[in-house]
Enquirer: 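For reference, the structure I am asking about is given below.
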Amino acid sequence: MILFWIAAVVLAIAAGVLIAMPLWRPRSVIAPSAAEVNLSVHRDQLQELDADLKGGSITQIQYDAARKELEKRVLKDATGDEGASGMPHPSSRAFAMVLFVLVPIAALSLYGLLGNPKAIDTSKHAGADISSMTPEHFAALTEKLAAKLAQDPSDATAWLMLAKAYKVLDRAKDAAAALEKGVQLKPDDPEMLTEYAEVVAVAQGGNFAGKPEQAIVQVLKLAPNHPKALTMAGAVAFEKKNYSAAIAHWQKLHKLVKNDVELQKALLAGIAEASRLRTVANTPAQAITGRVQLHASLTEAVDPADTVFVFARAAEGPGMPVAALRKQARDLPFTFRLDDTYALNPSARLGSLPSIVVGVRISKSGDAMPQPGDLQAYSSPVKLGASAVVLTIKDVVQKDVVQKDEVQKDGAQKDEVQKDGVQ
């Protein structure tokens, strides 16, 4: 019997590791925008392209075509509207802490409620495989518990166990509904409230706003040292850019888990990231600011829904934008601010460019790459920190200009490849 429970706990911990591991891969928080994940994927794809070319698995022509298409996606995915780009996503590391450190041992709980632990006799079944529970069997136990609660909904603990089971089955909305019942029966139970906060946040797409945050605040009033609540409180503060509060919550938890080396490492990594972002937030960023306007003669040629890209690139060298933002033609005229918050690549920042050209393009297709018939304007070379840059859109992109631009980019890419080969 003892061997069964030891093995079962080990299996539950292993499940927690498997759930949390994908979330614990480190990521660089460069520009807190909705396109951050896409940019990371694109960078990986570019590295794979380079490796394929060097390995001979693709030709130069295939490489050039693939890289050109990738560049289009990079700019299109990376640009976002100015109002939304400043909001960070919830820290995936915080979620990893929640899932790994405190992942519910739902299988054990269900077995305790519905199974028959006493029936396990290792002296009679020495060769029994205790890991033989299939996903189908677990799902069946879950439905059995749900049916039991439909008949007798007064058991708060059973609602909590059902919610944990639903969470393992990736049924966040069902888990949230089950915990609604549990919280009604035990409104001041810290475990119930923390589980509720987590599953509702997951059901909301990882957003702690509203009920999850309220539940976390309530838990910390009831149990100020509750580990899971401290973890999520840090995530809530991080999401709100209140990095000092996030650090305070995670430092407090760090002192409470002295015997958990792995969790301490995770917390220190989260604290370091929050500290870095706090420093960035408190450091005035140099920027280029100005105004974009449309020439009066082109008013009728522009649809209010047309996409407007404002971007900055090096005055000399590759024409690939270093930073960019996206608006719509209905916003014209508007003021803009470009700084490293809008950087498209962590290795290329506005601050590293000795001279910068700011451009604006109205795209009929919504494509970030120039197309014949698009409208555009460019500034003279400026320095980072320039203000009152005025861009009056009045030039029409010609077909030969687009072709010339593509040839120049292809040539630059080939030079890059040749340099890499020499090195």
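Heads up: numbering here begins at 1 and tracks the sequence. Fair warning: this is a prediction, and the values are worked out from it, not measured in the lab.
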Enquirer: Using the rule given for salt bridge (Lys or Arg N to Asp or Glu O under 4.0 Å), can you reason through Glu191 versus Lys228, listing the C-alpha separation, both sets of side-chain angles and the distance that settles it, and then say yes or no?
Expert: CA-CA 9 Å; Glu191 184 181 6; Lys228 190 169 184 176; over 6 Å; no
Enquirer: Looking at Gly366 and Thr307, what are the two nearest heavy atoms and their distance?
Expert: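 Heavy atoms only, the tightest pair is CA-OG1, 3.8 Å.
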Enquirer: Would you say that Arg361 contacts Tyr378 through its side chain, given a criterion of any heavy-atom pair below 4.5 Å between the two side chains?
Expert: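 The answer is yes, as the side chains (C-beta and beyond) meet within the 4.5 Å cut-off.
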Enquirer: Is a donor on one side and an acceptor on the other found under 3.5 Å between the side chain of Lys383 and the backbone of Pro354?
Expert: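 Yes; judged by distance alone, with no hydrogens or angles, the pair exists.
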Enquirer: So Leu353 and Arg313, do their side chains get closer than 4.5 Å, heavy atoms only?
Expert: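 No; the side chains remain at least 4.5 Å from each other.
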Enquirer: Ignoring hydrogens and geometry, is there a side-chain-to-backbone donor-acceptor pair from Asp155 to Leu149 under 3.5 Å?
Expert: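 Checking the backbone N and O of Leu149 against the side chain of Asp155, no donor-acceptor pair under 3.5 Å is found.
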Enquirer: Measure across Ala312 and Leu350 and return the closest heavy-atom pair with its distance rounded to 0.1 Å.
Expert: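 Distance-wise, the nearest heavy atoms are CB-CD2, 3.7 Å.
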Enquirer: Hey, does Glu239 have a side-chain heavy atom less than 4.5 Å from the side chain of Asn207?
Expert: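 Result yes, sub-4.5 Å side-chain heavy-atom pair found.
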Enquirer: Lys186: which residues meet the salt bridge (Lys or Arg N to Asp or Glu O under 4.0 Å) condition with it, sequence neighbours left out?
Expert: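 Partners of Lys186 by the salt bridge (Lys or Arg N to Asp or Glu O under 4.0 Å) criterion, ordered by chain and then number, come out as Asp189.
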Enquirer: Could you tell me the separation between the CZ atom of Arg330 and the CG atom of Asp306, rounded to the nearest 0.5 Å?
Expert: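 Rounded to the nearest 0.5 Å, the CZ-CG separation comes to 9.5 Å.
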Enquirer: Step by step, work out the side-chain contact (heavy atoms from CB on, under 4.5 Å) result for Phe334 and Val310.
Expert: CA-CA 11 Å; Phe334 59 81; Val310 181; 3.8 Å; yes
Enquirer: To the nearest 0.5 Å, what is the distance between CZ (Phe336) and CG (Leu391)?
Expert: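 Rounded to the nearest 0.5 Å, the CZ-CG separation comes to 5.0 Å.
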Enquirer: Any side-chain heavy-atom pair from Tyr166 and Val199 closer than 4.5 angstrom?
Expert: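 No, too far: nothing below the 4.5 Å cut-off.
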Enquirer: Give the minimum heavy-atom separation between Ala197 and Ile216, together with the two atoms involved.
Expert: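 Minimum heavy-atom separation between Ala197 and Ile216: CB-CG1, 3.7 Å.
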Enquirer: Restricting to non-hydrogen atoms, name the atom on Ala274 and the atom on Tyr243 that form the minimum distance, rounded to 0.1 Å.
Expert: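 The answer is O-CB, 3.5 Å.
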Enquirer: Quick one: does Val257's side chain get under 4.5 Å of Leu267's, heavy atoms only?
Expert: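 Yes - at least one pair of side-chain heavy atoms lies under 4.5 Å apart.
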Enquirer: For Ser379 and Val389, work out which heavy atoms get closest and say how close.
Expert: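 Result for this residue pair: CB-CG1, 3.9 Å.
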Enquirer: Please round to the nearest 0.5 Å and tell me the distance separating atom NE2 of His226 and atom CG of Leu193.
Expert: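 Between His226 NE2 and Leu193 CG, I get 9.0 Å after rounding to 0.5 Å.
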Enquirer: Write down the atom of Val322, the atom of Ala348, and the distance for their closest heavy-atom approach.
Expert: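 Minimum heavy-atom contact is CG1-O, 3.3 Å.
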Enquirer: Are the side chains of Leu256 and Pro227 in contact, using a 4.5 Å heavy-atom criterion?
Expert: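 They are not in contact (no side-chain heavy atoms under 4.5 Å apart), so the answer is no.
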Enquirer: Any side-chain to backbone donor/acceptor pair from Asp260 onto Leu263? Under 3.5 Å, distance only.
Expert: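 Yes, because the side chain of Asp260 sits within donor-acceptor range (under 3.5 Å) of the backbone of Leu263.
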Enquirer: Return the OH to CD1 distance between Tyr342 and Ile288, rounded to the nearest 0.5 Å.
Expert: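 Nearest 0.5 Å value for the OH-CD1 distance: 13.0 Å.
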Enquirer: Report the distance from atom CG of Leu325 to atom CZ of Arg337, rounding to the nearest 0.5 Å.
Expert: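 Interatomic distance, Leu325 CG to Arg337 CZ, rounded to 0.5 Å: 11.5 Å.
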Enquirer: Under the criterion side-chain contact (heavy atoms from CB on, under 4.5 Å), I'd like the reasoning laid out for Val308 against Val360: C-alpha separation, chi angles, the key distance, then a yes or no.
Expert: CA-CA 7 Å; Val308 181; Val360 59; 3.6 Å; yes
Enquirer: Would you confirm whether Gln371, through its side chain, and Lys364, through its main-chain N or O, come within 3.5 Å as a donor-acceptor pair?
Expert: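 No, the answer is negative, given that no donor and acceptor are paired below the 3.5 Å cut-off.
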Enquirer: Given side chains that start at C-beta, do those of Lys240 and Phe208 come closer than 4.5 Å, heavy atoms only?
Expert: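 Lys240 does not reach Phe208 side chain to side chain.
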Enquirer: Under 3.5 Å, is there a donor-acceptor pair linking the side chains of Arg278 and Ser244?
Expert: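 There is such a pair between these side chains.
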Enquirer: By salt bridge (Lys or Arg N to Asp or Glu O under 4.0 Å), which residues pair with Lys181, not counting sequence neighbours?
Expert: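 Salt bridge (Lys or Arg N to Asp or Glu O under 4.0 Å) list for Lys181, sorted by chain: empty.
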Enquirer: List for me each residue that meets salt bridge (Lys or Arg N to Asp or Glu O under 4.0 Å) alongside Arg171, sequence neighbours excluded, and say none if there are none.
Expert: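 Salt bridge (Lys or Arg N to Asp or Glu O under 4.0 Å) check on Arg171 returns Glu143, Asp174.
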Enquirer: Is any side-chain heavy atom of Leu253 closer than 4.5 Å to one of His249?
Expert: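 The answer is no, as the side chains (C-beta and beyond) never meet within the 4.5 Å cut-off.
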Enquirer: Measuring from atom CG of Leu179 to atom CG of Leu160, what distance do you get when rounded to the nearest 0.5 angstrom?
Expert: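 One finds 6.0 Å between CG of Leu179 and CG of Leu160.
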Enquirer: Got a donor-acceptor contact below 3.5 angstrom from the Gln218 side chain to the Pro187 backbone?
Expert: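 Here the side-chain-to-backbone pair exists.
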